[in-house]
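In what follows, a structure is listed as structure tokens, so that the remarks can point back to it.
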Protein chains: 2
Amino acid sequence: MKLKLDYNNMMADFVGAQGISQADIDGLGNRIVAAHKALADKRGQMAWRDLPHNQDDIVEEILEYVAEVLPRIDTLVVLGIGGSALGPIALQAALHSPLYNFGNRPRLFVLDNIDPTTIKSVFAMLSLETTLFSVVSKSGATSETMAQFMIVKEMLETRLGKERAAKHIVCTTDTENGNLIKIAKVEGYKTFYVPNGVGGRFSQLCPVGLLPAAFCGLDIRALLAGAAEMDRAIEGNPHNMAYMFAILHYLTLKNGKNITVMMPYSDNLKYTADWFAQLWGESLGKRYDNNGNEVFVGQTPVRALGATDQHSQVQLYMQGPFDKVVVFLAVDEFACDIDIPKTFEDMPSIGFLGGNTLATLLNTQQKTTAYALQKAGRPNMSITLAKIDEHIMGQLFYMLEVATAFAGELLNIDAFDQPGVEEGKDATYALFNRPGYEAKKAELEAAPPKNPKYFL
Amino acid sequence: MKLKLDYNNMMADFVGAQGISQADIDGLGNRIVAAHKALADKRGQMAWRDLPHNQDDIVEEILEYVAEVLPRIDTLVVLGIGGSALGPIALQAALHSPLYNFGNRPRLFVLDNIDPTTIKSVFAMLSLETTLFSVVSKSGATSETMAQFMIVKEMLETRLGKERAAKHIVCTTDTENGNLIKIAKVEGYKTFYVPNGVGGRFSQLCPVGLLPAAFCGLDIRALLAGAAEMDRAIEGNPHNMAYMFAILHYLTLKNGKNITVMMPYSDNLKYTADWFAQLWGESLGKRYDNNGNEVFVGQTPVRALGATDQHSQVQLYMQGPFDKVVVFLAVDEFACDIDIPKTFEDMPSIGFLGGNTLATLLNTQQKTTAYALQKAGRPNMSITLAKIDEHIMGQLFYMLEVATAFAGELLNIDAFDQPGVEEGKDATYALFNRPGYEAKKAELEAAPPKNPKYFL
């Protein structure tokens, strides 16, 4: 395994009263066994667990499609939001420069919002003749994505005609249900599928994540192989990184830490923290437990970045309430490094920097921030990647997915639904006069008027 | 004022038990009066309060410098971190497209981290002959920024020679203290100043924020005029937006809400939430109050984005613990809009979108998410910008700065220091063998070894 978890600073031996004791962990003994068994029993219903193993044919199909289309496009635009965007963005950011689009082809734009100013500025960059739009929505009913799709479809058909336009759209959606698969069949769009039992936030290792990665030249076989290796390690030993990540978080949550900060010390991993924020937040933030009791449980993920946020958030992490755990992501070996010259040796407050390198400085800061937090009694752990490549990212994604599912078992909640988002959607449908939402519209209209006193 | 605060959904009348009552606010009466008086009394020590009013000469100097340099550069690279980067990024993102660097000159890169892979990829984009590096560090001792500066200085001098290199560096630093001002004088760099009494996170309206904005063609006079208008509104009436923002947060904090989410429904305002996260987190996260009591106070800022995070974080906000307040930023009038065509009128789950626009959809989603949270008993407030321009951004920045200072008064803490970051810095100095840190190095070496059991 090229991934390492160091949780010394989570433990009371090192961090003091706010930490966890081995007895706390041992005390969960039966719960851990039960959660392990539950995950094993439910594995058949968790299709995402098998994605690392059963996609040889899909990978083949993706690579063939990419090879066929790539010569005629210079830009891939993904229309997708939430789980359809966060994984692709995280992987692209991990393995390519933030300036990738300046010099590389195909450029990748992920439209994960509906702000017209952004979308207009992306459209202004495109030559439609050489652009492929990848529409990603499992349900085929995601308002943001489908609105984008409707705009793009009309734009393409106006410019290129209906027949040619169809060659510029690829869909990734449910195998049977929803509008998008129906539309794709009628229009003759190339289609990939989100397998049954794979929810949005667990879809990174199916075509949702694989297709854009393959277009941008990433090794998707290595990605899956890394995930498969992590799966075998988890299955082979209940004392594994994924379970421990969940156990430590579960115990800190019980101990009043309602916040978990993911703080990579690597620009490339910044969006991995974004992807994790959905996974952890949406999976574990639940009103009811599996027995129907109201629990209002969850832990709020915070996305940070080292060393940058040392100059923004670390003051709070060091001295604020004891309400959080910090998860560092560190990288042993950066893809490149830069020497700091020995320029100002006569100036003590900066001269010491000379003769070192930026990677050394960054990695030292990760370690000293972890040390400072530990000394201040603040629980933290470090996940270290030997380097950043597809194989290790596969391990990391899969580890965090299983950790989330395992935490769901410990919390006795359903980690795979998101009933809380319906209320807002229904209200939007009502205000847009969607048939069937007349009662909701009446409810909105009957809401008590706002109080003018409460405006400033 | 082109900025509006709607706090109906913070109030118990609307949001129920988790909300605030008018009696809660009225109960603070004396505290509010005292905090107002304290801010007025301390105004002389808070130089940042006067930035909107006293910089006519500085603005003139900045504009002259920009006019002189602009013809010979196509790229501005800011070397700065924390308060030296977050404000410039927030303002640039607010007023320009995320794709600004593709078609506009001068391009703007802000190096707010020391990841060598990112820095190398930015360097690869530059022609040094047409690049200006802006080094920003009040203390002149910020390790990250000074390391970058040392690298850049050597690179420029190697390529252009010492004399020409000096024309490609501009410094913004303390008027008297620190290495950077010394170096700038020796080398003959053009220099701007961070006035005394203006800390990093309150420096957006001094040359730290003004210089890069002016280079990118933004109207810095309008920015300051907006801030000045907000200052007059605040000074003129204690029942103002800034104080109310602080009061509402103070009361929710006392009520167990240790998290505040800033969730703009506008891509352009995404980085304003980043800027605010430093302001709120670093100012209010404190171990001691002004009387020396250990309080470990603070509220953790979370950066979200609508509609995107409806598909990531809103499930947690709706159904998780009652531990947060959500602050929406909304925009009445977007710079442009896009029509959604009436394409699939026969498909009820998406057909209703046709005939509307993306801006309408986005704004409707902000309102329905606020409504859904209110209905679920989750306190939230909305700050609405009539549109996004320099004047309104000036109002918004200044309002949030004063709100932060006012919250510091209510919490009886020093909102302007950051003692908690020293521990990590000192440990870095020790590991880098900086003279004077031998004791710290000995402390690190004497720390108990990690337990091999706590690795996975």
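Computed from heavy atoms alone, side chains included, the values below leave out hydrogens, waters and symmetry copies. Each chain gets a letter, A, B and so on, in the order the sequences are listed, and its residues count up from 1. Remember, it's a predicted structure, so these values are computed and weren't measured experimentally.
Neither the backbone nor the side chain of A:Y100 comes within less than 4.5 Å of any heavy atom in chain B. At a 4.5 Å heavy-atom cutoff, the contact between B:M11 and chain A is made by side-chain atoms alone. Using a 4.5 Å cut-off between heavy atoms, A:I259 contacts chain B through its side chain alone, with no backbone atom that close. Heavy-atom distances place no part of A:M381 under 4.5 Å from chain B, backbone and side chain included. A:I350 touches chain B through backbone and side chain together, each having a heavy atom under 4.5 Å away. Of the atoms belonging to A:Y7, heavy atoms from both backbone and side chain fall under 4.5 Å from chain B. When heavy atoms are compared at a cutoff of 4.5 Å, B:Y288 does not approach chain A at all. Contact annotation for A:V122: both backbone and side-chain heavy atoms come within less than 4.5 Å of a heavy atom of chain B. Looking at B:L279, neither its backbone nor its side chain comes within 4.5 Å of chain A, counting heavy atoms on both sides. Looking at A:P449, only its backbone comes within 4.5 Å of chain B, counting heavy atoms on both sides. Looking at A:T142, only its side chain comes within 4.5 Å of chain B, counting heavy atoms on both sides. Both the backbone and the side chain of B:F102 come within less than 4.5 Å of a heavy atom of chain A. Looking at B:V421, the atoms closer than 4.5 Å to chain A (heavy atoms on both sides) sit in the backbone and in the side chain alike. Of the two parts of B:Q313, only the side chain, counted from C-beta on, holds a non-hydrogen atom closer than 4.5 Å to a non-hydrogen atom of chain A. With a 4.5 angstrom heavy-atom cutoff, A:F109 touches chain B only via side-chain atoms.
Chosen from B:K182, B:R201, B:K342, B:K153, the residue pairing most often with chain A at heavy-atom distances under 4.5 Å is B:K153. No other option in A:M241, A:M347, A:E154, A:Q299 has as many heavy-atom pairs under 4.5 Å with chain B as A:M347. For chain A, the option among B:C336, B:G82, B:A141 with the highest count of heavy-atom pairs below 4.5 Å is B:C336. Of the listed residues (B:Y371, B:F123, B:F149, B:W280), the one with the most heavy-atom contacts under 4.5 Å to chain A is B:Y371. Chosen from A:K4, A:Q365, A:K324, A:M244, the residue pairing most often with chain B at heavy-atom distances under 4.5 Å is A:Q365. Residue with the most contacts toward chain A among B:N9, B:I183, B:L373, B:V314: B:I183 (heavy-atom pairs, distance under 4.5 Å). The greatest number of non-hydrogen atom pairs below 4.5 Å with chain A, out of B:D417, B:T369, B:L361, is found for B:L361. The candidate with the highest count of non-hydrogen atom pairs below 4.5 Å against chain B, out of A:N113, A:T343, A:I340, A:L353, is A:N113. Most heavy-atom pairs under 4.5 Å with chain B: of the set A:N268, A:V295, A:V302, this distinction falls to A:N268. In terms of heavy-atom pairs under 4.5 angstrom with chain A, the leader among B:L86, B:N101, B:T117 is B:T117.
Side chains of A:D323 and B:N258: a donor on one and an acceptor on the other come within 3.5 Å. At a cut-off of 3.5 Å, with distance as the only test, a side-chain donor of B:T428 or A:T368 sits close to an acceptor on the other residue. Using modelled atom types and a 3.5 Å distance limit, the side chains of A:D337 and A:T357 yield a donor-acceptor pair.
With hydrogens and angles ignored, the 3.5 Å screen pairs no side-chain donor or acceptor of B:R303 with any backbone N or O of B:V261. Here the side chain of A:N8 pairs no donor or acceptor atom with the backbone of A:M10 at under 3.5 angstrom. B:N356 contributes a side-chain N or O that, together with a main-chain N or O of B:F352, makes up a donor-acceptor pair within less than 3.5 Å. B:Q315 contributes a side-chain N or O that, together with a main-chain N or O of A:G285, makes up a donor-acceptor pair within less than 3.5 Å.
Among residue pairs with one or both ends in residues 140-149 of chain B, none qualify as salt bridge (charged side-chain N to carboxylate O under 4.0 Å, His left out); sequence neighbours excluded.
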